[in-house]
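First up is the structure itself, then whatever we jot down about it.
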Amino acid sequence: LLPLRIIYSNAEYRDRIDISPSEVYKNLENEMLRKMGSNEKYNCFYHATTVILVSGKDNERSKVIDCSAATQNMLLAAEALNIGSCWVELVSLAFMGPQAKELRAKLNLPEGYTPLYSVLLGYKDMEGKAAPRKENTVQYIR
């Protein structure tokens with residue numbers, strides 16, 4: 001089965017999703033995530049115009065692999081169209097813990113699927129630069 005993708009371009013829905021990860025972060029052991037959750041200016045979606053939740057079927061053995069491949073393909077397609085994109089995994093934390101059921105209901109997520117990743121899409125403010133390449137970093141074995 002293919003991963004389920006739900007697209008939110010409505011600001012109200014994006015804001016609903018963004019609140020919960022920050023609340024979860026505040027209660028984690030990881031200090032960096034706690035700081036992010038406590039920062040009132042933090043927005044896990046970086047104010048992107050469109051957010052795509054990539055969800056895996058709960059009982060599917062390869063859901064992580066399938067969702068990862070689908071996410072990467074969306075990022076590549078966006079780049080080909082000169083659309084800015086970003087892969088955010090931390091959104092999965094919003095769907096853990098006591099608030100998960102309420103958040104699923106607010107977003108009308110179908111039963112049996114859990115969001116693993118999000119893809120953020122928006123128009124780029126600037127052109128990217130080519131990444132620097134180091135010499136002799138590829139080894140050919142013949």
Side-chain angles (χ1 to χ4, degrees), residues 1-139 141:
L1 293 172
L2 294 175
L4 174 69
R5 292 168 302 282
I6 300 174
I7 301 170
Y8 296 101
S9 56
N10 177 302
E12 178 186 348
Y13 278 111
R14 286 193 317 267
D15 292 344
R16 284 184 190 175
I17 304 169
D18 188 57
I19 293 167
S20 292
S22 296
E23 291 302 314
V24 173
Y25 298 167
K26 292 177 187 178
N27 299 314
L28 295 174
E29 291 182 24
N30 183 298
E31 184 180 344
M32 181 188 76
L33 293 177
R34 275 199 322 271
K35 284 182 181 179
M36 287 168 52
S38 298
N39 181 349
E40 291 181 17
K41 294 181 181 179
Y42 173 71
N43 179 295
C44 78
F45 297 132
Y46 303 98
H47 307 287
T49 35
T50 301
V51 175
I52 302 172
L53 289 181
V54 182
S55 305
K57 190 161 178 63
D58 292 339
N59 60 0
E60 187 65 34
R61 183 182 61 80
S62 63
K63 72 179 178 182
V64 172
I65 295 167
D66 294 342
C67 288
S68 297
T71 300
Q72 181 64 42
N73 287 338
M74 284 186 266
L75 298 176
L76 292 170
E79 183 61 31
L81 297 169
N82 201 31
I83 295 173
S85 63
C86 181
W87 179 336
V88 177
E89 182 273 336
L90 290 175
V91 72
S92 65
L93 295 175
F95 297 93
M96 299 176 183
Q99 78 292 338
K101 187 174 184 178
E102 181 183 344
L103 183 58
R104 288 167 96 33
K106 281 183 184 178
L107 298 173
N108 297 317
L109 295 178
E111 287 296 319
Y113 285 86
T114 300
L116 297 178
Y117 311 122
S118 60
V119 173
L120 314 182
L121 300 173
Y123 293 101
K124 299 177 184 181
D125 284 345
M126 56 187 249
E127 281 299 312
K129 296 179 182 176
R133 303 286 183 214
K134 293 182 181 180
E135 293 293 322
N136 303 318
T137 57
V138 178
Q139 180 181 8
I141 301 173

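Residue numbers run from 1 in the order of the sequence given.
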Look up atom [atom1] in [X] and atom [atom2] in [Y], then write down how far apart they are to the nearest 0.5 Å.
X     : Y      : atom1 : atom2 : value
Glu60 : Ser55  : CD    : OG    : 13.5 Å
Asn39 : Arg34  : CG    : CZ    : 14.5 Å
His47 : Leu120 : NE2   : CG    : 11.0 Å

- Query: Can you name the residues that form a side-chain contact (heavy atoms from CB on, under 4.5 Å) with Leu121, not counting sequence neighbours?
  - Reply: Thr50, Ile52, Ala78, Ile83, Ser85, Val119
- Task: List the atom of Leu53, the atom of Leu109, and the distance in Å for their closest heavy-atom pair.
- Result: CD1-CD2, 4.3 Å
- Looking at Leu107 and Phe95, what are the two nearest heavy atoms and their distance?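 For Leu107 and Phe95, the tightest heavy-atom pair comes out as CD1-CZ, 4.0 Å.
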- Item | Pairs satisfying ring pair (Phe, Tyr, Trp, His ring centres under 6.0 Å), at least one member in residues 50-87, at least two apart |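 For residues 50-87: Trp87-Tyr117.
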- Judged by atom type as modelled, is there a donor-acceptor pair below 3.5 Å linking the side chain of Ser118 to the main-chain atoms of Val88? yes
- Query: Can you tell me if Arg104 uses its side chain to pair, donor with acceptor, with the backbone of Glu111 under 3.5 Å?
  - Reply: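 Side chain of Arg104 to backbone of Glu111: no pair is present.
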- List the steps and the verdict of side chain to side chain contact (heavy atoms under 4.5 Å, CB included) for Leu33 and Leu90. CA-CA 9 Å; Leu33 293 177; Leu90 290 175; 3.8 Å; yes
- Query: Does a sphere of radius 6.0 Å around CG in Leu76 hold more than 12 heavy atoms from other residues, nucleotides or ligands, not counting ones at 6.0 Å or beyond?
  - Reply: yes
